[in-house]
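First the proteins, then the strands, lettered A, B, ... as listed; each starts at 1. Just so it is clear, the structure is predicted and the values come from calculations on it, not from any experiment. All values below were derived from every heavy atom in this structure, side-chain atoms included, with hydrogens, water molecules and symmetry-related copies excluded.
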There are 2 protein chains.
Amino acid sequence: MSTSQPKTPTSQIRSSTEFARYVGLARTTVSRVLNGQPGLKPKTIERVKRAIEETGFVPNAYALHLKGKRTATVGICIENLLTPPVVRKLASLQRLLREDNFTSLIEVIEPGNSDKVIRHFLSMRVEAVVFIGHFNEDDLTRHVAELGARETPHLVIDHVGIKGANTVSLDRTKAMRVLMDHLLDYGHRTFALLAFNSPARSVLDRLHGIGDALAARGLVLEQCTSAHDGVYPRVNDFEEGRRIARAFVESGKVPTAFIAVNDEVAIGAMHGLQEAGLRVPQDVSVAGFNNLDVCLMPTPALTSIDQRIEETIQVAQEVLLPQLGQPLRARSLVRLIEPLLVARGSTGPVRS
Amino acid sequence: MSTSQPKTPTSQIRSSTEFARYVGLARTTVSRVLNGQPGLKPKTIERVKRAIEETGFVPNAYALHLKGKRTATVGICIENLLTPPVVRKLASLQRLLREDNFTSLIEVIEPGNSDKVIRHFLSMRVEAVVFIGHFNEDDLTRHVAELGARETPHLVIDHVGIKGANTVSLDRTKAMRVLMDHLLDYGHRTFALLAFNSPARSVLDRLHGIGDALAARGLVLEQCTSAHDGVYPRVNDFEEGRRIARAFVESGKVPTAFIAVNDEVAIGAMHGLQEAGLRVPQDVSVAGFNNLDVCLMPTPALTSIDQRIEETIQVAQEVLLPQLGQPLRARSLVRLIEPLLVARGSTGPVRS
DNA sequence: GATAAAAACGGACACGTATCTTAAAGTTGA
DNA sequence: TCAACTTTAAGATACGTGTCCGTTTTTATC
């Protein structure tokens, strides 16, 4: 086969050798052009550039890394449950990383596959691993330790309390303190807790915050709060909120303030209460969590806690980037994000 | 430095040579164990396995591929707007791919960066590229052609009408025909179209479906439908729906059926109509699109079209998998998914 | 304990790329 | 035209791994 025919179809070019043959230059010369080295005639550079246009030649990333080029890849682990806040965090983080020319490798952690995911990331020689969400604490602790042993930086977003972990998280405890103070200031003393029956660390932290706020006013969690939760996990949060609200109404003991684990449950409950003839916020106050768009939908609009996702991810980036390609930090680093109470019409003074 | 000390910290092992030294075997022997070749003593295999446990050694994926191993990677392009349906498709697809031991490389396509993304995928030697969502038609057509030239299979999900593209998509035209028939059977003859003023192909397809259904009964689109859309894109779909509903009420000409571009706009509109004193479905019918969980929230629950995402992605997998690692198909393939009308309380007979 | 079979060793090469080095070719200036 | 300089060519080596192959060591069998 003659090698001097430049009419080779584009599909055939799969290596720099073949590409150099197509251009009609030495492979080393082409390589120098591709890597922007000095001492090349503009005409030569132009020739190579045009050939790239014509053939669409793309160097093999695997060979590049083998030759010492950084992989510029970050592994991101996310939890199975793709809630809107998780998706937004993921999207924001990937966007910020992309701005710094980093690629992200995204994997969903499911029960039992986390070792496999970490192994895959290590095999891909990621420059860092980020965990977004809530995971099995033992697994997570182990992974953080293993990554440390492999000189691979890590960052845990939203799961606080992991030993030795670099952590960025909304201060969920404080978030609930802020919300409780808001309601306590309105005079509320009896609280319904909706769907807080999750074993997730994030929910426990929030319960602590509720307890703290009550204790600060000399109140006791167990005496002020009540619940009618169903099985966890839930199929449909709206329906569950509605169901719980009805359960409270039917029990005859209706607290003055309803605090839901998230906005969906809160809105479901709000509808349930309204259908039972209770007025929001005149008869009962309702509060959610996450400050999703959906908060604006009901009448009145839902009071909620904003996670400040952009700020969280911004801080995550600030923590992560300086570690990439550097020797591992000795001490781990924890940054808590201030929550933001968004008070709307669904909360108001207790009926006197 | 003595090489016989097996107390080397795990972090130092970064190649099979170092690992073999740690185990105390020849590199070739270790390699044969790792690749499950025959003719090895069980004891030797055990020794290597234990060393893997101890050191956490993971072969370099980049070197593996260079030696001819498949990358087992699929590139997935998604659109900028992470709506719940897109997220669910992405998650489903990634899950199915993972079951077949494929990794996915996910990149967001933003205006102007699509070439860069495709180049990155090609550089990573992905075995296929999947597009989920709606993109610039010219770009997409070009990418499909380029991937063909590179012998790389592709699949376009949800964007129909791309020349030469393998496509899997909900039949959006039919979806709207089905919904229109539902409403026409109820006697509706005047329709409000809410927020259909998007240039996206998916929206145009749906408008065609609406027109077809009307034409089939001898009706004319322009005479039966009206709109009060605001600027596109919208900040908050609920608010926009509410605003449009109010605009209809204030105009004094209120159609009997409201058809929204999605569930959020529909629910916003429903609230707007109810606040203006209109009863749903006695006075007006309202229908959405996507059948999100949120459809169950309003009273009455919202009639919507289900995209049948699981089925869509299932078909996508069936189309994609046989192409991986195979010579390119000559003819492109188009599969349309049947939509599913989910009729709920928000639609009913027209007021007589 | 001798012999054969099984297992492990260790050198060599390949994959696609970057980079260093030395040599050759081309270009410029006087 | 020749020297001096610039540009390109081409060879060699390296990265981490798999695999082939000839050789050596270990194990099993009688």
Could you tell me how far apart [X] ([atom1]) and [N] ([atom2]) are, to the nearest whole angstrom?
X       : N       : atom1 : atom2 : value
R32(A)  : dA10(D) : CZ    : P     : 14 Å
R70(B)  : dG18(D) : CZ    : P     : 17 Å
L66(B)  : dA14(C) : CG    : C1'   : 9 Å
R125(B) : dG16(C) : CZ    : P     : 9 Å
Y62(A)  : dA14(D) : OH    : C1'   : 21 Å
H65(A)  : dC15(D) : NE2   : P     : 13 Å
L40(A)  : dT27(C) : CG    : C1'   : 15 Å
M124(B) : dT17(C) : CE    : P     : 14 Å

Selection from [options] that lies nearest to any side-chain heavy atom of [X]:
X      : options                   : result
Q37(B) : dT19(C), dT19(D), dG16(D) : dT19(D)
F57(B) : dT17(D), dT17(C), dC9(C)  : dT17(D)
N35(B) : dT19(C), dA10(D), dT19(D) : dT19(D)
L25(A) : dG10(C), dA9(D), dC15(D)  : dA9(D)
T28(A) : dG18(D), dC9(C), dC20(C)  : dC20(C)
T17(A) : dT17(D), dC9(C), dT17(C)  : dT17(C)

Inset, instruction - Test for a donor-acceptor pair under 3.5 Å between the base of dG18(D) and the side chain of R27(B), counting only N and O atoms. - result: yes
Inset, instruction - Give one of base, sugar-phosphate or nothing for G68(B), where a contact means two heavy atoms less than 4.0 Å apart. - result: nothing
Inset, instruction - Decide whether N113(B) and E107(B) meet the rule of one side-chain donor and one side-chain acceptor closer than 3.5 Å. - result: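 No, because no side-chain N or O of N113(B) sits under 3.5 Å from a partner of the opposite role on E107(B).
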Inset, instruction - Check whether the side chains of H143(A) and S114(A) place a donor and an acceptor atom closer than 3.5 Å, and report yes or no. - result: yes
Inset, instruction - Would you please name every residue forming a side chain to side chain contact (heavy atoms under 4.5 Å, CB included) with Q323(B), sequence neighbours left out? - result: P153(B), N166(B), V319(B), R329(B)
Inset, instruction - By nearest nucleotide on DNA chain C, pick out whichever of S31(A) and A63(B) is the more 5' one. - result: A63(B)
Legend entry - First of V30(B) and L34(A) reached from the 5' end of DNA chain C, by closest nucleotide: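 Of the two residues, V30(B) wins.
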Legend entry - Ionic contact status for R14(B) with E18(B), cut-off 4.0 Å: no
Inset, instruction - Before accepting this row, confirm whether a basic side-chain N of the pair R95(A)/E99(A) lies closer than 4.0 Å to the acidic partner's carboxylate O. - result: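 The answer is yes: the pair qualifies as a salt bridge.
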Polar atom pairs (N or O), protein with nucleotides 24-30 of chain D, under 3.5 Å:
none

Inset, instruction - Ignoring backbone atoms, establish whether S16(A) has a side-chain N or O less than 4.0 Å from OP1 or OP2 of dT17(C). - result: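 Answer yes for this pair, as a side-chain N or O of S16(A) is under 4.0 Å from OP1 or OP2.
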Inset, instruction - Verify, without hydrogens or angle tests, whether S123(A) (side chain) and R119(A) (backbone) share a donor-acceptor contact under 3.5 angstrom. - result: no
Inset, instruction - Ignoring hydrogens and angles, tell me if any N or O in the side chain of Q94(B) forms a donor-acceptor pair with the backbone of I106(A) under 3.5 Å. - result: yes
Legend entry - CZ (R335(B)) with more than 12 external heavy atoms under 6.0 Å: no
